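Beneath this line is the structure, given in structure tokens, with notes to follow.
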Amino acid sequence: MATTETTPKVRARTGQQFLEGLARGEREIWLEGERIGNPLEHPKLEQGARSLARVFDLQHEHPDELLMPSPDDGSLVGVTHLIPRSRDDLERRRRAFELIAGATAGMMGRTPDYLNVTFACFAGRADVWARRGNERGAANIVSYQKEMRDRDLSTTHSIINPQVDRSKPEAEQAAGEVALHKVGEASEGIVVRGARMLATLAPFADELSVYPGSDIRPQDGNYALAFAIPIATPGLKFVCRDSFAKGRSAFDYPLSSRFDEMDAVAIFDDVVVPWERVFLCGDPVGYSEVITDTGWRGHIMHQAFTRAYVKLLFAFGIGHLLGNTTGVVRFDHIQEKLGQIWNMVELTRSAIVAAEAGSALDEGGVWYPDDRPFLALRGEMPKWMPRVNELLQLIGGGGFMCTPSEADVNGPIGEAIAVYFQAAGADAERRIRLFRLAWDFVGSDLGGRGELYERFYLSDSYRMTALAYTIADKTRAVELVEQFLRD
Ligand SMILES: Cc1cc2nc3c(=O)[nH]c(=O)nc-3n(C[C@H](O)[C@H](O)[C@H](O)COP(=O)(O)OP(=O)(O)OC[C@H]3O[C@@H](n4cnc5c(N)ncnc54)[C@H](O)[C@@H]3O)c2cc1C
């Protein structure tokens, strides 16, 4: 009998499909006093949306690297939804992270792969979610992860409660009103109220996820919540910081104009979360365990440090070209500064290789990267990134301020600019473009935001370094010392 070959359905979305999705629903995004429904219709948000659309398009330009058959029906879905079962899976997924990060030179930290990985590891360890009678929440997370994958959603997350008084538990800050908490139940689901600080990507996301980001006291079960809802949910509002894109020209601000992924505070004004979207509710112990026991830490750092590797490589490229443009690369201390950035690139790459080399099957059947090199990087990267900016400033000097705008370069003063802004390694326009790019990396408002992001997006270096020490295996270190304390 003749067999008929069928082409698998492609579920991974194109950029155009992603943009069409953003236009659906009644979103409530507030930016600089204005309510914005569709980010594509606003000059300060449009280019961010289009940059993300490029990330979706990449899936169709590199199907071998970025698509895989769904384990459920063989349709083609994004590789970053993979629940890894082998070292090959981990490596395949990392190559996808790298390709995606390359599209923004690592400048957009929260491309959808970030949450795809998070929910893949959550679904892979549904057994952890199911503890203490939460089978329904565990089943919900498994079906939600399939939905994310099959609809190829763009998802943001908000896991930290607002800074009211960090020295007190959530329930004791501002009479317990500000932090997100459950206030009741309706027939369709739970009702939640309060706020969560920072959901990066919110204007460009289809969905908001909430999951644990800190410990909750045993008596504060109403604050122990994990769920996901559409951005366009009644009562859900997002209040953005200033736009750094500002509708600027790509010549003047090559990064801000494209890669402002936007950060927003999420406010829940008695929002109903449907039962099928509730993953955890009222279990403070489970709230801590899903972070420590699902493997989230190692998986998310695999994505995060692959993106950081690409960004460091980008910074190295900027420094190298700056140094060659003005000739300072011939000075040995400039070479040493460039060498410092290269060291960071290579140490990051080595940590990724080491994490994959030491990876193993966890007790739930998911392939887990060796998280030790990542834990070390988690403490150091927040110090490296600001240092990279400092090194680039020391290499570029005042050149960052010799950067007339596109309007000047193409205006009446253009001929003089062509003469007086030339450099040994570049004509005036190339030199101006390069220094403007470098300034957008180290010094513009987007550059400043990038530095803050790298300091804090995986919590602060201080507490993370202390955590690395606390959970480190000290056995061999102690043995080495003990041998001299015996006789
Ligand atoms: C650009 C940017 C984007 C972000 N995007 C997201 C996002 O998309 N989703 C999301 O959920 N979060 C996001 N975050 C928030 C991020 O998760 C937090 O910034 C991070 O967890 C640190 O918390 P915090 O900013 O509230 O700082 P705090 O916790 O208020 O810390 C401020 C300072 O106080 C110190 N401190 C605070 N508490 C203690 C303590 N108990 N003991 C000792 N020292 C303490 C810290 O070390 C730090 O130096 C983003 C942050 C930034 C900067």
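Just so it is clear, the values below take in all heavy atoms, side chains as well, and ignore hydrogens, waters and symmetry mates. Every number for a ligand or one of its atoms is a count from 1 in the order of the listing. This is a predicted model, so every value here is computed, not measured.
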N or O contact, [X] vs ligand 1, cut-off under 3.5 Å:
X	value
Leu452	no
Gln163	yes
Arg449	no

Here the pair of heavy atoms bringing Leu115 nearest to Thr155 is CD1-O, 2.9 Å
Closest heavy-atom pair, Thr14 versus Gln17, reported as atoms and distance to 0.1 Å, is N-OE1, 2.8 Å
May I ask you to check whether [X] and [Y] place their ring centers less than 6.0 Å from one another?
X	Y	result
Phe119	His81	no
Phe227	Phe279	no
Tyr211	Phe122	yes

* To do: Mark yes when over 12 heavy atoms from residues, nucleotides or ligands other than Arg92 sit less than 6.0 Å from its CZ; otherwise mark no.
  => yes
Can you sort out which atoms of ligand 1 are near [X], meaning under 4.0 Å from one of its heavy atoms?
X	value
Ala199	8 (O)
Ser158	11 (O)
Ile159	10 (C), 11 (O)

For ligand 1, indicate whether the residue [X] contacts it via side chain, backbone, both or neither (heavy-atom separation under 4.0 Å).
X	result
Ser167	neither
Asp460	side chain
Thr200	both
Tyr462	side chain
Arg110	side chain

Answer yes or no: is there a donor N or O on one side and an acceptor on the other, between the side chain of [X] and the main chain of [Y], under 3.5 Å?
X	Y	answer
Asp165	Gln173	no
Lys237	Gly235	no
Thr80	Val117	no
Tyr223	Gly176	yes

Nearest option to [atom], as decided by whichever heavy atom of [options] sits closest:
atom	options	value
atom 45 (C) of ligand 1	Glu454, His157, Arg463	Arg463
atom 15 (C) of ligand 1	Leu201, Thr156, Leu198, Leu208	Leu198
atom 25 (O) of ligand 1	Glu261, Arg196, Met197	Met197

Problem - Any protein heavy atom nearer than 4.0 Å to atom 28 (P) of ligand 1 - result: yes
Heavy-atom protein contact below 4.0 Å for atom 51 (C) of ligand 1
yes
| With a cut-off of under 6.0 Å to the ring centre and 45° to the axis, is Arg248 in cation-pi contact with Phe251? | no
| Should the pair Arg13 and Phe18 be classed as cation-pi, given the thresholds of under 6.0 Å to the six-membered ring centre and 45° from the axis? | no
Starting from [atom], find the nearest protein heavy-atom neighbour and note its residue, name and distance.
atom	value
atom 22 (C) of ligand 1	Phe456 CD2, 3.8 Å
atom 2 (C) of ligand 1	Tyr453 CD1, 3.7 Å
atom 23 (O) of ligand 1	Arg166 NH2, 4.4 Å
atom 17 (O) of ligand 1	Ile160 CG1, 3.4 Å

